[in-house]
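We name chains A, B, ... by the order of the sequence lines, and we start the count at 1 in each one.
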2 protein chains.
Amino acid sequence: MARATAKATITDVAKHAGVSLSTVSRVMNGNPSVDPALAERVRGVATELGYTASPLARSLVLGRTQTVAVVVPDLGNPTFQAVLRGLSRAAATDGYHVLIADSAEQVAEERLLAVETRRRTDGLILCAPRMPDDELAMLLPEVRPVVLVNRGMDAAVPSIAADYATALRGLIDHLYSLGHRRIAYLAGVARSASNTARLAALSGFRAAHPEVELIELASGVDFDSGAAAADAVLGSRATAVLAFNDLVAMGLLSAVSDRGIRVPDDLSITGFDDIPFARYTSPPLTTASVPAADLGALAWQALHATLTGEEAAASVRLEPEVVVRGSTGPPTS
Amino acid sequence: MARATAKATITDVAKHAGVSLSTVSRVMNGNPSVDPALAERVRGVATELGYTASPLARSLVLGRTQTVAVVVPDLGNPTFQAVLRGLSRAAATDGYHVLIADSAEQVAEERLLAVETRRRTDGLILCAPRMPDDELAMLLPEVRPVVLVNRGMDAAVPSIAADYATALRGLIDHLYSLGHRRIAYLAGVARSASNTARLAALSGFRAAHPEVELIELASGVDFDSGAAAADAVLGSRATAVLAFNDLVAMGLLSAVSDRGIRVPDDLSITGFDDIPFARYTSPPLTTASVPAADLGALAWQALHATLTGEEAAASVRLEPEVVVRGSTGPPTS
DNA sequence: CTGTTAGCGCTTTCAC
DNA sequence: GTGAAAGCGCTAACAG
């Protein structure tokens, strides 16, 4: 017969049970130094009153909230959604809660969001691919413990990232082996961490294959920018295009299809990330599979490790896999 | 020259400024009853020390956390992702934080998650389409203030929902006007709130059009169950199928296409929700557009209203719009 | 084993 | 206008 009204406090329980606060506290925390019979009685009163310790009060005195913060640049992006999902489930497994902040692509807000959410939690998981290096460097000490996702920094802070460079290289090699010699790259956001990695892959490839024409084209990171890039891509006379990510690839695919271009016969297209929908376009998208949910889970593991002080969490780098589907093929022209 | 080490407390500031705690508190809270000059000095010390009031301590004494909880059944589902996004951004606008819990489709966990996250926050936004009515009824009083998403209850708790019944009816009418007389329905999760609404729409249509054959088929709520239902759908000899949602529709579309079935010539398919990818299938999906992000934003508004006690938040019901794309057409058989 | 006493860091009467 | 003191609900020495 629990009365759900006006949440009972530890004092109520103590009074009803005729014991001191400490005893109740001990019982509730499973401290064995309490007489079993007494403990039983206290527990009885507690359940009768529907008592649960206030997380707030505990947090204040214990100095930990059992909560971590995560800031992402866009909750609408499937990749970050997957990171969040992996993170959230992993954290839940360890009894932690997740406070979430979406900067909505406002890089200027990220710092504040990070600091603010961090103060209400025990640690931070930061996805801020576009925050300038120097700003990030200033921020990091302030929000420790923190783990970075998809972005390296100094070794002092653990970073869980996919190896964008190697993966993109895999995609280029795939196109090359198909026979493509004129390849466009839709560059996404210029100053993002993963774009930097991709550009490195590009120049690596250039060095190895000077005979191949690599054309860099500007673009955004979503459907619309992919679609908007269609004319530029077609104008470039490339036979294949590396899109910044699956979203861009899908937008492009859709737009060129509308213009009567056949994929992959007239144009091969690769995506990046392997979001859940990549296999359902037509043709299905060749892409690099970034295990975003794993990234989230690993980020949690790293943070949890430093939280429990077991070990200095190590950075980890995941290798995406090139998954070849129908959107790439040999050039016909 | 802010020293970021060991977060300064209000006591530090008071000491450095040579004033009492109360004064610092007043200054930090913009209480005008402080001598402007003194206030200025205190503010100086505060910034110098990099002082910010501990949200935890404030929460404890003020009795509010500036945080709300949201529980969703699956963070991998685009609809709930959109709800979360709309909610998170709206809440951020009002200076609130969002604590998120993903029950990972474990209906048994939802109650606990709801109660636990609610205790650390000021209110709850609950998406629990599959929780049994009686369990929900028991839970609600315990987590108030709460607002329900996509699920009505008694009038006592505000509910923000899309009108699934009317929308599905719109989809059926669309198929009917196209000439379909044998229509299959992929029923998704049997006991979910929105499925109940859909079934109501179905029987409404049956009453109006006894000449139409309406075939109910079991299915899940994701790609795979859509694909898995392909044989059953084909076996039913329906000329059109109403999929439980876009995911199911896409899975089905993909599977029947693989079998050489042409959509919409051989089979018309409708989805539900209008997730961002629905327009990028081929053919693009005819579906009912559920403004999930708006649902989230409205849920926030309702919760915020009851939090600030301005008014008793009202329930709202949004009308999805039927959006006709390429996956539906007249039957050819 | 159990109770008493300090706080955790802050806000808020209540006096001066 | 400013400070002293009480207390938000809990835990953790510290005594018995």
B:Val83 and B:Val72, any side-chain heavy atoms less than 4.5 Å apart | no
Those residues at least two apart in sequence (or on a different chain) that pass salt bridge (Lys or Arg N to Asp or Glu O under 4.0 Å) with B:Glu135 are none
Contact pattern, 5' to 3', of nucleotides 11-16 of chain D - B, S or - by protein heavy atom under 4.0 Å = SBB---
Contact class for A:Thr9 (heavy atom, under 4.0 Å): base, sugar-phosphate, or nothing?
-> sugar-phosphate
Note, B:Ile125 side chain near B:Val146 side chain (heavy atom, < 4.5 Å) | no
Between atom CG in A:Leu56 and atom C1' in C:dG9, what is the gap in whole Å?
-> 12 Å
Do A:Arg130 and A:Glu110 come within less than 4.5 Å of each other through their side chains, counting heavy atoms only?
-> no
Relative orientation of the end axes in the helix from C:dC1-D:dG16 to C:dC16-D:dG1, expressed as an angle to the nearest 10° (five pairs per end) = 50°
Could you state the CG-P distance from A:Asp35 to C:dG3, rounded to the nearest angstrom?
-> 11 Å
Does the side chain of B:Val143 come within less than 4.5 Å of B:Arg119's, by heavy atoms?
-> no
Distance, rounded to the nearest Å, where A:Asp12 contributes CG and D:dG9 contributes P | 9 Å
Would you indicate which nucleotide in C:dG3, D:dT2, D:dC8 comes nearest to any side-chain atom of A:Ser20?
-> C:dG3
Separation of C:dT12 C1' from B:Leu60 CG (nearest whole Å) = 14 Å
Note, A:Pro145 side chain near A:Leu307 side chain (heavy atom, < 4.5 Å) | yes
Looking at every strand, decide which applies to B:Leu38 at a 4.0 Å heavy-atom threshold: base, sugar-phosphate, or nothing.
-> sugar-phosphate
How close or far is atom C1' of D:dC10 from atom CD of A:Gln66, stated in whole angstroms?
-> 15 Å
Does the side chain of A:Ser54 get closer than 4.0 angstrom to OP1 or OP2 of D:dC10 through an N or O atom?
-> no
Within-4.5 Å side-chain heavy-atom neighbours: A:Ile10 and A:Met28 = no
d(CD, B:Glu40; P, D:dG1) in whole Å | 17 Å
How are the rings of A:Trp300 and A:Tyr96 set relative to one another: parallel (under 30°), tilted (30 to 60°) or perpendicular (over 60°)?
-> tilted
Any side-chain heavy atom of B:Lys15 sitting closer than 4.5 Å to one from B:Asp12?
-> no
